[in-house]
Visitor: 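Supplied in structure tokens, the structure appears directly below.
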Amino acid sequence: MSLNAELSELFRILAALMDIKGENVFKAMAFSKVSRILKDATIDVKKAVEEGTLEEIEGIGASSRRVIEQYVRTGKSEDFDAVAATVPAGLIPMLEIPNLGPKTIALLWKQRGITSIDELAKAIDAGKLAELPGMGEKKIQLIKQGLALRTAAGKRIGIVTALPLGEMLAEQLRHLSGVAAAEVAGSLRRRSETVGDLDLVCAVKKGAGGEAVAEAFVEFPQVHRVQAKGAAKVSIATADDLQVDLRIVPEEHFGATLMYLTGSKAHNVHLRGLAQAKKMTLNEWGLYELDQYEKAKKSPGAAPAAKPVAAKTEREIYNALGLKWIEPELREDRGEIEAAAADALPKLIELKDIRGDLHCHTNASDGRSSIEQMAQAALDRGYEYLAITDHSKTQVIANGLTAQRLAKHAAEIRRISSSLKGITLLAGCEVDILADGRLDFEDAVLAELDFVVASPHVALKQPPAKATDRLLRAVENRYVNVIGHPTGRLIFEREGLTFDFEKVFKAAAATGTALEINGAYPRLDLNDVQARAALAAGVKLSVDTDAHSTEGLDDMRIGVFVARRAWASSRDVINGMTLGQLRQFIAHKRK
DNA sequence: GCCGTTTTCGGCCCGACTGTTTTCAGTCG
């Protein structure tokens, strides 16, 4: 775990301890914020401490700074240890149990001496929870249910699984009578690489009731269990124990609810702060003048009886707050609100800006489709070019090409390319970056190719210093145009390489080497935060699919989501270039 | 704990739903 990650975890636990201790909730929120800041940070915390730049970071105050500084120097924090000594460590994981929160955990601890999940389970079975204040039979059953669910609840699913499900549910909602609009919201709308649950927003037309939609929704075939059902909100679980939350609102409030449910939480909190500064209040019903809102009559599930400043569309609400509309992918409170206020948001890349795919395989190595089939599929997707980049010889398991086979393959690619209209094939290779940074082919072999992707496939657990040298060596090779899936991580499966990002980004920018956003799930490598830091260092990105079949080319959509979350414009991405520009990019490095 | 053209003290985002409650606390997002 990196130092940033360790500290982020430390503050996450510190916030949890505050919650359980029943400290001021804002204290816990403050620590949570520090945890999030450290998780998102692409800065090197150690360096920030050494250079004294920690205090420039908003949200990190004197107390947190003291903890960070001591931890960086000594690997521990006395402040943290002092708090941790007062609360049993076993209580922290209990916070992950659905339906069980900090107040109840503290109650169980103080009144029944329960200090771990195991003890909780035993206490329930022994009937020891009865007669606690506020603890009825239903509540005990809820906690029991939560215990049974906890493994599933902590499980996140990938965007490639969640997106089709979410889009299908939204489409089913749109077909219900009285429904004006339905959209996916939540982290899925922000295109996070994984999601913990699904959020949907449904707008009903005037005169139509939310009850009917709620009733119809719980009858959808995907619904396995209903957890809560009101006229404004329904929570269900699918057969796979994925939670789906639906909000139902009158259409004139659709934008406010969509915005609220899209989040992120940090983004929303920041916006509500802005609203307050303007003597307004922002909630899922809309943006209201504070004095009018306070006077207005309110009842659960119904819009407050006040005229909102804005509510119908997201754009109106952002504008009323003095902001440009913010793309959902940016809503992480990573500077997008400040940028929106300054009209300095990037024009995010879109799928239609992509002119070609620069990393794919054919049946010459481990792909399933032929050169012709891949070329036709690329043409069908409107591409101007396609680089065919089969594996190099070390990838025996992937039927990697020897230099001899590669030369023949390249000739074949060029022959087919010259017979095609509307698309150019680039004869390339995905050459292995060996553990020591040597490439799997000599320069003389690479020099014969039009395009080279160099990727690490093995030795993905080597120490950071070695990994840094390894990648730098590949970056500095004049024939290497893209570093493919630079870390080699696989979501949920392996962490991949850690290396000195700053150093590698700097070298990539200086040499004219692009870094890949590999759109093949579960790679998504670089990830959003890394890719954004690369862009900030002046690096170009290459958004590719690593397709092993014609259908694999469709993963470009996912790759573009990651690029958008990295704040990338089309000009930041080499396969947003025309073929002529791309050839210049390649030639420039070879000079 | 953090922050400041509204504040160095006193605020800090806000509502829906459930359960145990006779008016609210806890959890969730």
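Side chains included, hydrogens not; waters and symmetry mates left out as well; all remaining heavy atoms used. Computed from a predicted structure; not experimentally measured. All chains are named by letter (A, B, ...) in the order of the sequence lines, taking the proteins before the strands, and each is independently numbered beginning at 1.
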Visitor: Take nucleotides 4-10 of chain B nucleotide by nucleotide from the 5' end and write B, S or -, depending on whether a protein heavy atom sits under 4.0 Å from the base, only from the sugar-phosphate, or from neither.
Guide: --B----
Visitor: Side chain of Asp199(A) only, heavy atoms from C-beta on: which candidate in dG29(B), dG19(B), dA16(B) is closest?
Guide: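 Nearest to the side chain of Asp199(A) among the choices is dG29(B).
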Visitor: Under 3.5 Å, which protein N or O atoms sit close to an N or O of nucleotides 24-27 of chain B? Give each pair with its distance.
Guide:
from: dG26(B); atom 1: O3'; to: Thr104(A); atom 2: OG1; distance (Å): 3.1
from: dT27(B); atom 1: OP1; to: Gly101(A); atom 2: N; distance (Å): 2.6
from: dT27(B); atom 1: OP1; to: Gly101(A); atom 2: O; distance (Å): 3.1
from: dT27(B); atom 1: OP1; to: Thr104(A); atom 2: N; distance (Å): 3.2
from: dT27(B); atom 1: OP1; to: Thr104(A); atom 2: OG1; distance (Å): 2.4
from: dT27(B); atom 1: OP2; to: Lys103(A); atom 2: N; distance (Å): 3.2
from: dT27(B); atom 1: O5'; to: Gly101(A); atom 2: N; distance (Å): 3.4

Visitor: Just checking, any donor-acceptor pair under 3.5 angstrom between side chains of His267(A) and Asp333(A)?
Guide: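 Not at all, the side chains of His267(A) and Asp333(A) share no donor-acceptor pair under 3.5 Å.
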Visitor: Considering only dA16(B), dG19(B), dC17(B), which nucleotide approaches the side chain of Ala228(A) most closely?
Guide: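 The answer is dC17(B).
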Visitor: Atom CD1 of Ile68(A) to atom C1' of dG1(B): distance rounded to whole Å?
Guide: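 That distance rounds to 12 Å.
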Visitor: Who is the Watson-Crick or G-U wobble partner of dC12(B), with both distances under 3.5 Å?
Guide: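 Looking at the geometry, dC12(B) pairs with dG1(B).
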Visitor: Is it true that Asp40(A) and Arg532(A) make a salt bridge, defined as a side-chain N closer than 4.0 Å to a carboxylate O?
Guide: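 Salt bridge between Asp40(A) and Arg532(A), a charged N being under 4.0 Å from a carboxylate O: no.
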Visitor: Could you verify whether a donor N or O on one side chain and an acceptor N or O on the other, from Arg156(A) and Thr194(A), lie under 3.5 Å apart?
Guide: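 A pair is found: one side chain offers a donor N or O, the other an acceptor, under 3.5 Å apart.
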Visitor: dG29(B), dC12(B), dA16(B): which one has an atom nearest the side-chain heavy atoms of Ala232(A)?
Guide: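 Nearest to the side-chain atoms of Ala232(A), counting from C-beta on, is dA16(B).
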Visitor: Heavy atoms only, 4.0 Å cut-off, all strands: where does Ser64(A) land among base, sugar-phosphate and nothing?
Guide: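 Ser64(A): backbone/sugar contact only, no base atoms under 4.0 Å.
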Visitor: When you compare the side chains of Tyr71(A) and Glu6(A), does any donor N or O come within less than 3.5 Å of an acceptor on the partner?
Guide: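 Their side chains do contain a donor-acceptor pair, which is all the 3.5 Å distance test asks for.
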Visitor: Heavy atoms within less than 4.0 Å of DNA chain B: which residues of residues 245-261 of chain A have one? Give them sorted by number.
Guide: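 Nucleic-acid contacts, sorted: Asp245(A), Arg247(A), Tyr260(A).
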Visitor: Could you tell me how far apart Ile236(A) (CD1) and dA16(B) (P) are, to the nearest whole angstrom?
Guide: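 The distance from CD1 of Ile236(A) to P of dA16(B) comes to 21 Å, rounded to the nearest Å.
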Visitor: Just checking, any donor-acceptor pair under 3.5 angstrom between side chains of Arg331(A) and Ser264(A)?
Guide: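 Ser264(A) and Arg331(A) do not have a side-chain donor-acceptor pair below 3.5 Å.
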Visitor: Answer with base, sugar-phosphate or nothing: what part of the nucleic acid does Glu55(A) contact at a heavy-atom distance below 4.0 Å?
Guide: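 Nothing, no heavy atom under 4.0 Å.
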Visitor: Which nucleotide in the set dA16(B), dG1(B), dG29(B) lies at the smallest distance from any side-chain heavy atom of Phe26(A)?
Guide: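 Comparing dA16(B), dG1(B), dG29(B) against the side chain of Phe26(A), the answer is dG1(B).
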Visitor: When the ring planes of Trp285(A) and His253(A) are compared, do they come out parallel, tilted or perpendicular, using 30° and 60° as the limits?
Guide: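 Perpendicular.
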